[in-house]
Protein chains: 2
Amino acid sequence: MSENVTAQEGVLRELRVLIASGQLEPGQQVVQDSLAASLGVSRVPLREALKVLEGEGQVTYHPHRGYFVADLSVEDLVEVYRIRSLLEDEAIRVGVPLLTDEDIEYLDDILNDVEAAAKSQDVSAVTAANRRFHFALFEASNMPRLVRLIKNQWDATDAYRGVYFAAPANLAHMNQEHRTMVAALKARDVEKSIALQAAHRENSVSVVSQVIKKP
Amino acid sequence: MSENVTAQEGVLRELRVLIASGQLEPGQQVVQDSLAASLGVSRVPLREALKVLEGEGQVTYHPHRGYFVADLSVEDLVEVYRIRSLLEDEAIRVGVPLLTDEDIEYLDDILNDVEAAAKSQDVSAVTAANRRFHFALFEASNMPRLVRLIKNQWDATDAYRGVYFAAPANLAHMNQEHRTMVAALKARDVEKSIALQAAHRENSVSVVSQVIKKP
DNA sequence: CATATGAAGATTGTATCCAATCTTGTTGGG
DNA sequence: CCCAACAAGATTGGATACAATCTTCATATG
């Protein structure tokens, strides 16, 4: 397992989980004292981790009032996905022509993981493997800054995801699209790859916007 | 003047200046103790400001070794500008059709500032006003997250800029392009606006890459 | 001579403490 | 009854102190 070199690194990881899992609810204030205590650290590394999350848009910050878990409006959501489109399309456009045969084999391996996780109904494993799949593709672009920005956009909506993968029908559909995408990659068909990735995003948007509109 | 609500806010602003002006040189380690002392604060707000800059790619961080002023390679530079293209093109595409006549008047006013600053040879005033001009345009998109990402990309190369504006010939050329751009905006000519903005970036790239290649 | 060892100094990482600010609830006046 | 003023509590902002880690350089060892 990846060990933590610093406390703040571990805190950051735990915070991401707390936010993505909804244990820290959107809109809720992050009370530093109690949260730091519950994580077993002091407020200093917690605050530094929160600054990172602020930069990613996962939390908002108001001086002298503190940090609040980001509460996306539907407009925010639309903007995030629009930005994702721009960035992901570019990553794919650059990356697909650079894919080696080994890369594609590796992508196939990950898809096996995704389907295995799907079979055993392990939603969080599906989420993780799905993410690995898409980012392995994005990283083929050799544009680390671009990949980081895409990561930020994914994180920004993580708190609202997870619903999609809970429905078996969605999972089946996703697996099918994944396989189709790998076929397109093998053929180095950039436009088809982009189109399939876009279809994925559309699904996400519709599911997440349902979740947001609720309250 | 904009007063600082918190110290870290002021520290952040000062750090940006130190980096953009080259007083903190690329590659150089940021020694927290001495820098905090010279800024008149303790290390805590300084560290939080550095975390923000890390998120923007202005400094890099190595656990237990500290922060270092980002030292862009030419590849990094190319990537930053490629990302800028994606994001700025979108902002313009969305924003230009939304521009009101008052917005365009305002842009004209800013251009007067730019030219006034140019006439008085005030490089930093030119830089600031030029930035105001372009971001006023970007903000017309009503996409705050997108604008923030663009801002980050600009900041990432700030340390290397300023050379361009030092040459009077460049200034004259820039002013001319600005005026042409406003004309395109008045005509709501999206494609021409994008093209002019792209020309601006090309100039930046060539100048900044000269500076980077030097050592 | 090259390399391993280790100790001293420098620097970062975190905990704790206090000050500054905000929030909440209460009280008084209109 | 409504609203302003104010005090008490809660929470954040920042300074200091100490622990953990890294770097450097001298020394020993093969």
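Just so it is clear: chains get the letters A, B, ... in the order the sequence lines come, proteins before strands, and each one is counted from 1.
For A/A91, the side chain to side chain contact (heavy atoms under 4.5 Å, CB included) test picks out A/F138, A/S141, A/L146, A/I150, with sequence neighbours left out. Residues meeting the salt bridge (Lys or Arg N to Asp or Glu O under 4.0 Å) test with A/E79, sequence neighbours left out: none. The salt bridge (Lys or Arg N to Asp or Glu O under 4.0 Å) search around A/R82 returns B/E90, not counting sequence neighbours. Residues that satisfy the salt bridge (Lys or Arg N to Asp or Glu O under 4.0 Å) test with B/R148, not counting sequence neighbours, are absent from this structure. Checked against salt bridge (Lys or Arg N to Asp or Glu O under 4.0 Å), B/E14 has no partners two or more places apart in sequence or in another chain. Residues meeting the side-chain hydrogen bond (donor to acceptor under 3.5 Å, both in side chains) test with B/R201, sequence neighbours left out: B/S85, B/E88.
Scanning residues 34-46 of chain A for heavy-atom distances under 4.0 Å to DNA chain C yields A/V41, A/S42, A/V44, A/P45. Taking every heavy atom of residues 48-70 of chain B and every atom of DNA chain C, pairs under 4.0 Å involve B/Y61, B/P63, B/H64, B/R65, B/G66, by number.
Legend: side chain to side chain donor-acceptor pair (under 3.5 Å) pairs involving residues 62-71 of chain B, not counting sequence neighbours, sorted by first then second residue: B/K51-B/Y67. Sorted by first and then second residue, the pairs that involve residues 21-36 of chain A and meet side chain to side chain donor-acceptor pair (under 3.5 Å), not counting sequence neighbours, are A/S21-A/Q23, A/Q32-A/R43, A/Q32-A/R47. For the ring pair (Phe, Tyr, Trp, His ring centres under 6.0 Å) condition, no pair includes a residue of residues 88-124 of chain A, sequence neighbours left out.
One interatomic measurement links the two molecules: CG of A/N4 to C1' of C/dT14, which rounds to 15 Å at whole-angstrom precision.
The footprint of chain A on DNA chain D, defined by a heavy-atom cutoff below 4.0 Å, extends from D/dT11 to D/dG13.
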